[in-house]
S.K.: 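My questions will all concern the structure given below.
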Amino acid sequence: MKRRERTRQLIELGGLVAKAGLIDLTDDDRAVLFGAFLQVAGKLSGEEREQALLIWRRRGKRAFEEDAQAKADGG
């Protein structure tokens with residue numbers, strides 16, 4: 001069961017990468033994506049962690065809400 005949950009988690013995370021447009025914006029360059037993720041991880045390991053989480057959480061929630069609204073409106 002844990003393997004299935006892990007697979008689902010990885011698929012969902014990959015979906016977020018695609019939803020954010022990162023695949024197209026980086027021309028599917030895995031090194032660029034990995035470097036960007038490492039930069040995010042570095043920021044989350046530093047003193048700015050709480051501020052970054054707050055900003056990114058707000059931005060993400062807003063984007064999810066806008067996406068849901070666009071779908072509800074037929075777009």
Side-chain angles (χ1 to χ4, degrees):
M1 190 62 158
K2 288 198 178 248
R3 183 174 172 182
R4 187 175 295 171
E5 291 172 15
R6 177 74 174 149
T7 299
R8 180 181 173 94
Q9 179 187 37
L10 293 173
I11 290 169
E12 289 174 351
L13 291 171
L16 290 174
V17 170
K19 190 175 192 89
L22 293 174
I23 296 170
D24 292 335
L25 290 170
T26 62
D27 294 324
D28 198 11
D29 187 326
R30 312 294 166 92
V32 170
L33 288 169
F34 189 44
F37 295 146
L38 289 173
Q39 186 169 353
V40 169
K43 187 162 197 134
L44 292 175
S45 298
E47 295 176 8
E48 299 176 23
R49 172 186 169 79
E50 293 305 318
Q51 183 179 6
L53 287 173
L54 180 67
I55 291 167
W56 293 338
R57 186 175 291 114
R58 285 182 185 162
R59 186 176 296 164
K61 284 182 179 182
R62 191 175 320 121
F64 277 134
E65 290 167 1
E66 290 171 0
D67 187 55
Q69 186 62 49
K71 287 181 182 176
D73 292 342

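The shown structure was predicted, so the numbers you read here are calculated from the model rather than taken from an experiment. Excluded from the calculations below are hydrogen atoms, water molecules and symmetry mates; all remaining heavy atoms, backbone and side chain alike, are included.
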S.K.: Would Val40 and Val17 show up in the same hydrophobic cluster when neighbours are defined by side-chain heavy atoms closer than 4.5 Å?
M.R.: no
S.K.: Identify, with sequence neighbours excluded, every residue that meets side chain to side chain contact (heavy atoms under 4.5 Å, CB included) alongside Arg4.
M.R.: none
S.K.: Keeping to residues at least two apart or across chains, list the side chain to side chain donor-acceptor pair (under 3.5 Å) pairs with something in residues 31-46.
M.R.: Lys43-Glu48
S.K.: Members other than Leu38 in its cluster, when Ile, Leu, Val, Met, Phe, Trp, Tyr link by side-chain heavy atoms under 4.5 Å?
M.R.: Phe34
S.K.: How would you list, by chain and number, every residue that makes a salt bridge (charged side-chain N to carboxylate O under 4.0 Å, His left out) with Arg3, sequence neighbours excluded?
M.R.: none
S.K.: Using a cut-off of 6.0 Å, state whether more than 12 heavy atoms not belonging to Gln51 lie near its atom CD.
M.R.: no
S.K.: Linking directly or through intermediates, with side-chain heavy atoms under 4.5 Å: list the remaining ILVMFWY members grouped with Val32, chain and number order.
M.R.: none
S.K.: Minimum heavy-atom separation for Leu25 to Ala20, with atom names?
M.R.: CD1-O, 4.3 Å
S.K.: Grouping I, L, V, M, F, W and Y whenever their side-chain heavy atoms are under 4.5 Å apart, do Leu33 and Leu10 come out in a common cluster?
M.R.: no
S.K.: Please determine if Arg30 and Asp28 form a salt bridge, counting it only when a charged side-chain N lies under 4.0 Å from a carboxylate O.
M.R.: yes
S.K.: Test: side chain to side chain donor-acceptor pair (under 3.5 Å). Region: residues 10-27. Which pairs qualify, not counting sequence neighbours?
M.R.: Arg8-Glu12, Lys19-Asp67
S.K.: What distance do Glu65 atom CD and Arg62 atom CZ have between them, rounded to the nearest 0.5 Å?
M.R.: 8.5 Å
S.K.: Between atom CG of Asp73 and atom NZ of Lys71, what is the distance when rounded to the nearest 0.5 Å?
M.R.: 12.5 Å
S.K.: Quick check for you: to the nearest 0.5 Å, what is the distance between Leu44 atom CG and Trp56 atom CH2?
M.R.: 4.5 Å
